[in-house]
Every structure is written in structure tokens, then in C-alpha cells.
Number of protein chains: 2
Amino acid sequence: MSATSTVTTPSFAQALAESGLRSTPQREVIYSILLSERNHPTADEVFARVKTELPSISLATVYNCLETLVQCKLVKAVNFERESTRYCPNLQPHAHFHDDQSGATHDISLPQEVLSQIKSILPPGYDAASVEITFRGKSPCANPADQRN
Amino acid sequence: MSATSTVTTPSFAQALAESGLRSTPQREVIYSILLSERNHPTADEVFARVKTELPSISLATVYNCLETLVQCKLVKAVNFERESTRYCPNLQPHAHFHDDQSGATHDISLPQEVLSQIKSILPPGYDAASVEITFRGKSPCANPADQRN
DNA sequence: CTAGGTGCAAAAGGTTTGCGGTTAA
DNA sequence: TTAACCGCAAACCTTTTGCACCTAG
């Protein structure tokens with residue numbers, strides 16, 4: 001629950017090890033921040049949060065760590081237009097809903113059946129390794145405190 | 001057919017006028033390049049092409065013109081990850097297939113029925129103004145000359 | 001001992017903006 | 001005449017990189 005302690009989940013260290021990488025305090029804290037704060041934060045937002053725990057961390061290291069986590073498939077990088085890249089620890093197949101007003105981003109679960117119907121629109125010969133689905137519009141936004149801006 | 005002459009399609013000037021904007025040679029040429037070269041070029045690629053017709057044009061003007069065309073909905077801006085923005089005059093609902101190897105981008109037509117099934121995965125309360133669907137993977141790429149690389 | 005990591009500062013894209021001069025309604 | 005445009009250069013923002021130092025295996 002807390003992002004404060006250095007919780008080295010076995011699977012976490014393991015996922016890194018599989019890529020020949022180490023589990024470091026920076027990587028652990030950044031990962032736990034992503035897990036506890038599922039608002040799809042930007043690198044800058046993660047930086048602000050992680051600084052409270054590791055005051056000496058640099059923004060470059062945050063970028064590097066996030067990239068590392070993406071490499072070993074612990075998190076996904078999400079982009080909306082030209083906005084800053086956001087990071088998301090949800091590895092399940094899902095779509096994203098981006099609320100332009102509030103800037104909030106929500107995960108939308110994506111049933112396997114819909115996913116395969118989408119893939120079925122591809123003409124023969126196309127081999128899709130991944131599909132990315134992004135909605136834009138107004139979200140319910142029940143909790144105004146969730147709004148970004 | 002030719003992108004050389006100053007073809008002021010009525011609808012083109014009209015679309016601009018509706019936003020209180022003018023039809024200029026720069027905007028016309030850029031638009032006709034997009035129409036004739038449907039490879040989803042970047043601003044830089046458009047710049048290279050348009051310079052052969054308007055040698056004195058600047059990259060900033062290309063960016064400005066493209067943005068203007070997007071504003072008055074004559075073209076769509078397309079983004080893949082953090083790559084340069086690409087521009088696309090196809091206003092029909094369609095998905096994009098991005099070939100990571102060649103860099104090529106293909107329009108995939110999106111049947112209305114599939115579109116509505118996709119929208120049906122949204123929980124109640126969500127109001128999607130637009131949906132963006134991007135495939136990544138290997139495309140047939142029958143014509144190697146099309147590869148961007 | 002040495003490959004991998006961190007922090008810092010500088011560089012690298014891609015895109016936008018401010019400004020002086022030009023042009024079309 | 002005057003608002004819209006253009007070209008140029010500088011600014012901007014996000015992200016990456018080079019380098020010196022440090023640390024875990």
C-alpha cells in the first residue's frame with residue numbers, strides 16, 4: 001500500500017533480472033509510485049513525487065528508469081497527441097479514455113472479442129503486433145478532485 | 001492531378017473562409033501535396049516537397065499552414081508515439097497501420113459497425129467525441145519503394 | 001574488478017512564437 | 001487601411017546523451 005518503503009516484489013526484481021538489469025531503489029520507488037498512483041502520470045509528475053522519497057534523484061534518471069521499466073515490460077508508455085508521455089502499470093489489454101477538459105486518463109477494459117473484431121478489419125497480409133485504442137471526449141469525472149489542471 | 005498549379009478548389013477556399021481564413025499559395029500547394037502524396041508525410045517531408053514549388057517557403061510556414069489546415073478540418077494530424085506528427089487528408093473514419101520496419105503508414109477503412117462496437121465498450125457516462133485506432137506490426141509492403149526507412 | 005546505474009549539464013529533436021515586412025479583401 | 005500572412009530567427013519543451021563518479025555482483 002505504501003510507496004515509501006523499498007518493496008522489492010520478487011516479480012519486480014525478477015522481471016528486471018530477466019533483462020540482465022538490477023533492481024535499484026530508484027526503479028523500485030518509481031514503480032511503486034506508478035502502482036499506487038494510477039493517473040497515468042508524466043515523467044515530470046513522477047519526478048515530483050519521487051523527489052519526496054529520494055530527494056537527490058534527477059529528472060534524467062526518472063526518464064531512464066521509466067524507459068527501463070518499459071523495456072522489461074513492467075509498464076506501458078502512453079501517448080496522446082504531442083503531450084508528454086504518460087506511464088501506466090496496467091498490463092491487461094485496455095483502451096484509454098482521455099478527457100481533454102480535465103486532462104484525466106482512464107483505462108477502459110477491452111474484451112477479447114472486441115479486440116479480435118477490430119483486428120478483423122485488417123486486409124489480408126497485415127500482421128498487427130499491437131493495437132492501440134484511444135477515446136477522447138468527456139468522462140463522467142465523478143470526482144472533481146481527480147481533475148488535472 | 002498536378003500539384004504544381006495553383007488549384008483553388010472551391011471547397012478548399014470555402015473551408016478556409018468558413019474559419020475566416022484566406023486561401024494562399026502556400027496553403028494550396030501544401031494541401032495538394034498532401035492529396036497527391038498520401039504517405040502521411042511529416043512537416044519536414046512536406047517542407048522538402050513544397051520547396052520545389054515555392055523555394056522561399058520556410059519550415060515555420062509549413063508548420064503554420066499544416067496547423068491551419070487541421071484547424072479548418074481539411075486534414076488530420078496523426079501521431080505515433082513520439083515520432084514527428086504526420087498529416088493525412090483522409091477525412092473518412094479510418095484506422096492507421098504503422099509499419100515499424102519501413103516507417104510506412106497505411107489507412108485502414110473502419111466500418112461503421114466496428115466503430116460502434118468499439119464505442120460500446122465505454123462504461124455509461126463516457127462521451128467519446130473521437131476514437132483513434134492504431135495498429136503496429138508488419139504490413140504487406142508489396143512495393144519496397146514505398147518504404148520510408 | 002567491472003558492468004551497470006546515477007546525477008548533472010548540455011545537446012538534440014520537433015514545434016511554436018515574436019517580429020518586421022508584405023499582401024489581399 | 002488593416003487584418004491576415006509570410007519568412008526568419010530565436011525560444012520552448014520534452015527527451016536523450018556524454019561523462020565522471022559510484023556501487024553491486
Side-chain angles (χ1 to χ4, degrees), chain A residues 6 8 12-31 40-48 50-51 53-72 74-87 103 148-149, chain B residues 6 8 12-31 40-48 50-72 74-87 103 148:
Chain A
T6 308
T8 309
F12 177 79
Q14 188 182 329
L16 285 162
E18 278 170 17
S19 303
L21 302 169
R22 297 178 194 157
S23 177
T24 70
Q26 289 85 348
R27 290 171 181 172
E28 288 164 16
V29 171
I30 286 173
Y31 184 57
H40 302 78
T42 63
D44 234 36
E45 289 162 352
V46 171
F47 181 47
V50 71
K51 258 198 302 194
E53 298 184 42
L54 303 172
S56 70
I57 199 171
S58 71
L59 179 56
T61 295
V62 171
Y63 272 106
N64 290 337
C65 288
L66 287 169
E67 175 60 16
T68 298
L69 297 179
V70 170
Q71 298 288 357
C72 56
L74 283 164
V75 311
K76 288 207 268 193
V78 182
N79 286 281
F80 301 114
E81 315 275 306
R82 294 246 106 216
E83 293 179 16
S84 297
T85 302
R86 297 175 178 284
Y87 298 87
R148 175 146 323 167
N149 130 52
Chain B
T6 310
T8 309
F12 177 79
Q14 188 182 329
L16 285 162
E18 277 169 17
S19 304
L21 303 169
R22 295 179 197 156
S23 177
T24 70
Q26 290 84 349
R27 289 170 183 173
E28 287 164 17
V29 171
I30 286 173
Y31 184 57
H40 304 77
T42 62
D44 235 34
E45 288 163 352
V46 170
F47 181 47
V50 70
K51 259 198 301 195
T52 69
E53 298 185 40
L54 304 173
S56 69
I57 200 170
S58 71
L59 179 56
T61 295
V62 171
Y63 271 107
N64 290 335
C65 289
L66 287 169
E67 174 61 17
T68 298
L69 298 180
V70 169
Q71 297 288 357
C72 56
L74 283 164
V75 312
K76 288 206 267 192
V78 182
N79 286 281
F80 301 113
E81 314 277 304
R82 295 245 106 217
E83 292 179 17
S84 298
T85 302
R86 297 174 178 285
Y87 298 87
R148 179 163 338 236

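Naming: A, B, ... by sequence-line order, numbering from 1 per chain. Model, not experiment: these values are computed from the prediction. Just so you know, these numbers use all the heavy atoms, side chains as well, and skip hydrogens, waters and symmetry mates.
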Hits for side chain to side chain donor-acceptor pair (under 3.5 Å) against A/Glu81, two or more places apart or cross-chain, chain-then-number order -> none
To the nearest 0.5 Å, what is the distance between CD on A/Glu83 and CG on A/Asn79? 9.5 Å
Whole-Å distance, A/Leu66 CG to D/dT16 C1', equals 14 Å
Tell me every residue that passes ring pair (Phe, Tyr, Trp, His ring centres under 6.0 Å) with A/Phe80, counting only those two or more places apart in sequence or in another chain. A/His98
Taken to the nearest 0.5 Å, the spacing of B/Glu67 CD from B/Asn64 CG works out to 8.0 Å
Please produce a list of atom pairs where a protein N or O lies less than 3.5 Å from an N or O of nucleotides 20-22 of chain D.
none

Quickly work out the B/Arg86 CZ to C/dG14 P distance and round it to whole Å. 10 Å
Identify all pairs in which a protein N or O lies below 3.5 Å from an N or O of nucleotides 23-25 of chain D, and state each distance.
none

Mind calculating the distance between CD (B/Glu67) and P (C/dG14) to the nearest angstrom? 18 Å
C/dT15 phosphate, OP1 or OP2: any side-chain N/O from B/Tyr63 under 4.0 angstrom? yes
Measuring from atom CZ of B/Arg27 to atom OG1 of B/Thr61, what distance do you get when rounded to the nearest 0.5 angstrom? 9.5 Å
Based on the rotation axes of five pairs at each end, what angle does the helix from C/dC1-D/dG25 to C/dA25-D/dT1 bend through, to 10°? 30°
Grab the CZ-C1' distance between B/Phe80 and C/dG14 for me, whole Å please. 17 Å
With sequence neighbours excluded, residues passing side-chain contact (heavy atoms from CB on, under 4.5 Å) with A/Ala77: A/Val70, A/Thr85, A/Tyr87
Quick one: are A/Leu69 and A/Phe12 in side-chain contact, heavy atoms under 4.5 Å? yes
In whole Å, I'd like the distance from the CG atom of A/Leu59 to the C1' atom of C/dG7. 11 Å
Could you check how far CD of A/Glu28 sits from C1' of C/dG5, rounded to whole Å? 13 Å
Less than 3.5 Å apart, which donor and acceptor atoms pair up between the side chains of residues 15-22 of chain B and the rest of the protein, not counting sequence neighbours?
none

Atom CD of B/Glu83 and atom C1' of D/dT15 are separated, to the nearest Å, by 15 Å
Holding to side-chain contact (heavy atoms from CB on, under 4.5 Å), I want the full list of residues that pass it with B/Ser84, two or more places apart in sequence or in another chain. B/Thr42
CZ/A/Phe47 to CD1/A/Ile30 distance, rounded to the nearest 0.5 angstrom? 10.0 Å
Starting at CD of B/Glu45, measure out to NE2 of B/His40 and round the result to the nearest 0.5 Å. 12.0 Å
What distance separates B/Cys72 SG from B/Gln14 CD, expressed to the nearest 0.5 Å? 11.5 Å
According to a strict under-4.0 Å criterion, is B/Thr85 in side-chain N/O contact with OP1 or OP2 of C/dG14? no
Rounded distance (Å) that lies between atom C1' of C/dT6 and atom CG of A/Leu21: 14 Å
Is a donor on one side and an acceptor on the other found under 3.5 Å between the side chain of B/Arg82 and the backbone of A/Arg82? yes
Shortest non-hydrogen contact from A/Glu28 to A/Ser23? OE2-OG, 2.6 Å
Taking the side chain of A/Arg27 as heavy atoms from C-beta outward, which of C/dT6, D/dT14, D/dC6 is closest to it? C/dT6
Give a yes/no on whether any side-chain N or O of A/Arg82 is located under 4.0 angstrom from OP1 or OP2 of C/dT15. yes
Using a 4.0 Å heavy-atom cut-off, write out nucleotides 7-13 of chain D from 5' to 3' as B (base contacted by protein), S (sugar-phosphate only) or - (no contact). BBB----
